[in-house]
Amino acid sequence: MQGNEKEREKPRGPIPRNRIESLSDLIFGLALSIGAISLIAQPPTTPDEMNSRIITFIFNFVILIAVWVQYTLIMSRLPVETGSVILANLVLLLLIILVTYITIGIQYVKPPLPIPANTPLSEYSSQLYAIDLAGMVGILAALAHILSHEEKHLVPQEYLSRVRIARNLLIFFAILFLFTAFPQAWDWRIGDFPIRFLAWWIPLVGTIYLDVQTFWKPKS
């Protein structure tokens with residue numbers, strides 16, 4: 001009993017876990033709210049304009065939810081004890097807020113297909129969006145890497161292989177997002193679609209797959 005009481009009294013880090021979790025939930029909720037508010041801030045004047053805004057919101061919504069699921073899975077097992085983990089959390093939350101604003105600059109044509117308008121603003125905004133996504137997924141990969149250390153005993157032994165697979169996939173997705181930030185990824189096209197936009201679907205589908213699999217679930 002005394003050992004348990006001492007364990008409860010032992011400080012877990014410079015910032016309590018519940019404060020980090022509350023701030024994270026607030027930021028994710030705020031990012032989703034900003035995206036929803038942007039739909040009604042300026043009422044559309046044509047059906048095509050409405051469709052393009054809905055497409056933008058849906059894509060961004062799926063991205064944020066996929067990141068939130070991965071973030072929640074990782075942080076549920078990662079102790080908030082070091083300044084580096086706290087810093088990674090804060091940078092990740094900043095990128096999440098920024099991504100909602102950046103999407104405003106990406107304009108679409110020919111709805112309902114998500115074909116971006118070939119304008120300097122769309123090109124620059126999509127480039128920033130790719131860098132932002134690379135940063136978010138890269139931070140998730142770094143946090144998953146901490147979990148993958150066997151000697152730290154942060155996850156049970158039977159889960160380690162799944163954690164490492166998830167880490168490796170997140171690293172690949174971050175590199176892919178970073179690749180799409182290069183100007184050539186906007187210039188190279190398949191039909192009307194820039195390679196940049198087509199490549200985004202790979203990590204998007206892959207991250208959703210990780211969410212559905214819940215890779216720390218015990219093997220049956």
Can you name the side-chain contact (heavy atoms from CB on, under 4.5 Å) partners of Leu95, sequence neighbours left out?
Val91, Asp132, Met136, Ile139

In terms of hydrophobic clusters joined by side-chain contacts under 4.5 Å, are Val69 and Leu169 together?
yes

Does the side chain of Asn60 come within less than 4.5 Å of Leu64's, by heavy atoms?
yes

Kindly determine whether Ile97 and Leu93 satisfy side chain to side chain contact (heavy atoms under 4.5 Å, CB included), including the steps that lead there.
CA-CA 6 Å; Ile97 286 294; Leu93 297 178; over 6 Å; no

If you apply the rule side chain to side chain contact (heavy atoms under 4.5 Å, CB included), what do you find for Val67 with Phe28, and how did you get there?
CA-CA 10 Å; Val67 170; Phe28 275 102; 4.2 Å; yes

What's the separation between atom CZ in Phe182 and atom CH2 in Trp188, rounded to the nearest 0.5 Å?
10.0 Å

How long is the straight-line distance from CD of Gln184 back to CD1 of Ile195, given to the nearest 0.5 Å?
12.0 Å

What pair of heavy atoms forms the shortest contact from Ala181 to Gln127, and how long is it?
O-NE2, 2.8 Å

Any link between Ile96 and Phe61 through a network of hydrophobic side chains (Ile, Leu, Val, Met, Phe, Trp, Tyr) touching at under 4.5 Å?
yes

Transitively linked via ILVMFWY side-chain contacts under 4.5 Å: Phe172 with Ile165?
yes

Restricting to non-hydrogen atoms, name the atom on Gln70 and the atom on Leu140 that form the minimum distance, rounded to 0.1 Å.
CB-CD1, 4.0 Å

Within-4.5 Å side-chain heavy-atom neighbours: Ile63 and Val99:
no

How far does CD1 of Ile74 sit from CG of Asn89, to the nearest 0.5 angstrom?
10.0 Å

Compare all side-chain heavy atoms of Ile131 with those of Phe177 and state whether any distance is below 4.5 angstrom.
no

Expected output: side-chain Arg196 to main-chain Glu123 donor-acceptor under 3.5 Å:
yes

Is there a chain of hydrophobic side chains (I, L, V, M, F, W, Y, each step under 4.5 Å between heavy atoms) that links Ile202 to Ile171?
no

Got a sec, which pairs hit side-chain hydrogen bond (donor to acceptor under 3.5 Å, both in side chains) with one end in residues 169-181, sequence neighbours left out?
Thr180-Trp200

Checking Leu128 against Tyr124 for the side chain to side chain contact (heavy atoms under 4.5 Å, CB included) test, could you report, in this order, the C-alpha distance in whole Å, the side-chain angles of both residues, the deciding distance, and whether it holds?
CA-CA 6 Å; Leu128 291 180; Tyr124 180 66; 3.4 Å; yes

Which atom names give the shortest non-hydrogen contact between Ala174 and Ala134, and what distance separates them?
O-CB, 3.6 Å

Least distance between heavy atoms, Leu170 atom then Ala144 atom:
CD1-CB, 4.5 Å

Mind listing the closest non-hydrogen atom pair of Phe197 and Ser126 along with its distance?
CE1-CB, 3.8 Å

Please determine whether residues Leu121 and Tyr101 belong to a single hydrophobic cluster, defined as Ile, Leu, Val, Met, Phe, Trp and Tyr linked transitively by side-chain heavy-atom distances below 4.5 Å.
no

Could you check whether atom CH2 of Trp68 has more than 12 heavy atoms from other residues, nucleotides or ligands sitting under 6.0 Å from it?
no

Is the shortest side-chain heavy-atom distance between Leu92 and Ile27 below 4.5 Å?
no

Any chance you could measure Phe173, atom CZ, to Asn168, atom CG, to the nearest 0.5 Å?
11.0 Å

